[in-house]
Amino acid sequence: TQLLEQSPQFLSIQEGENLTVYCNSSSVFSSLQWYRQEPGEGPVLLVTVVTGGEVKKLKRLTFQFGDARKDSSLHITAAQPGDTGLYLCAGLFGNEKLTFGTGTRLTIIP
Amino acid sequence: KAGVTQTPRYLIKTRGQQVTLSCSPISGHRSVSWYQQTPGQGLQFLFEYFSETQRNKGNFPGRFSGRQFSNSRSEMNVSTLELGDSALYLCASSFSPSINDEQYFGPGTRLTVT
């Protein structure tokens with residue numbers, strides 16, 4: 001079973017600050033997705049990355065896929081209270097179903 | 001269009017009982033996947049159905065089963081409930097099983113086993 005470790009597990013920062021969360025595995029991903037989950041709801045897909053070294057931007061969110069396709073990062077610029085939630089990475093290994101990471105619970109303090 | 005709906009939203013059961021959870025996918029979606037989410041283990045894949053056939057199954061005991069109907073609606077069943085089965089059960093639908101098709105998650109059913 002492939003494992004995806006996310007760090008940090010918890011992060012609490014002030015509004016306006018920048019932050020980065022990480023997703024790491026010892027195995028190579030075919031592709032990787034990032035989701036955000038808010039209380040009482042299911043995860044919502046933010047982005048899918050498939051090419052090593054790929055960088056995608058979604059407004060204040062920047063997603064990077066490692067060159068070796070074993071790791072990924074999510075950087076948020078000027079965090080806002082609406083960014084609060086559980087951030088999950090999910091990797092696809094070969095033809096297997098998505099494996100989700102352990103999650104980073106982010107709290108933005110107004 | 002309406003999103004993925006799951007019923008019931010909350011459920012309390014006693015050890016040894018069985019439970020059936022229901023998922024209605026987005027209209028036109030034919031692939032349905034089920035996940036279990038707990039604080040300790042995170043989000044874990046249970047099984048996936050497409051066109052009424054189970055395509056993939058996660059590493060869960062046989063007490064966990066599911067099925068899909070011709071209208072793509074899906075149910076999952078857990079028999080002989082254990083305390084450790086307490087979790088948020090999430091259903092996700094997509095147009096097809098392809099990774100290129102985005103999965104849309106429902107709000108989940110929170111199951112508490114006492």
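Note on naming: letters A, B, ... go to the chains in the order of the sequence lines (proteins, then strands), and numbering restarts at 1 for each one. These figures come from a predicted structure and were not determined experimentally.
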Counting only heavy atoms not in [X] (residues, nucleotides, ligands), do more than 12 fall under 6.0 Å from its [atom1]?
{"X": "Gln80(A)", "atom1": "CD", "answer": "yes"}
{"X": "Leu58(A)", "atom1": "CG", "answer": "yes"}
{"X": "Phe95(B)", "atom1": "CZ", "answer": "no"}
{"X": "Arg105(A)", "atom1": "CZ", "answer": "no"}
{"X": "Arg60(A)", "atom1": "CZ", "answer": "yes"}
{"X": "Gln54(B)", "atom1": "CD", "answer": "yes"}
{"X": "Lys57(A)", "atom1": "NZ", "answer": "no"}

Mind checking the [atom1]-[atom2] spacing from [X] to [Y]? Nearest 0.5 Å is all I need.
{"X": "Phe100(A)", "Y": "Phe45(B)", "atom1": "CZ", "atom2": "CZ", "value": "10.5 Å"}
{"X": "Glu102(B)", "Y": "Thr48(A)", "atom1": "CD", "atom2": "OG1", "value": "7.5 Å"}
{"X": "Leu43(B)", "Y": "Leu86(A)", "atom1": "CG", "atom2": "CG", "value": "8.5 Å"}

| Between the main-chain N or O of Gly40(A) and the side-chain N or O of Arg110(B), is there a donor-acceptor pair closer than 3.5 Å? |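 No; zero donor-acceptor contacts below 3.5 Å.
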| Contact origin within Leu90(B) toward chain A - heavy atom pairs under 4.5 Å |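 Looking at Leu90(B), just its side chain touches chain A.
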| Which region of Tyr104(B), side chain (C-beta onward) or backbone (N, CA, C, O), has a non-hydrogen atom less than 4.5 Å from a non-hydrogen atom of chain A, or is it both or neither? |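 The answer is neither part of Tyr104(B).
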| field | Test side-chain contact (heavy atoms from CB on, under 4.5 Å) applied to Gln103(B) and Val44(A), Leu98(A), Leu45(A), the passing residue | value |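 Exactly one candidate clears the test, Leu98(A).
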| message | Is it true that Gln37(B) and Gln37(A) share a donor-acceptor pair across their side chains at a distance under 3.5 Å? | response | yes
| said: Below 4.5 Å, heavy-atom pairs only: which of Arg55(B), Gln6(B), Glu48(B) has the largest tally toward chain A? | reply: Glu48(B)
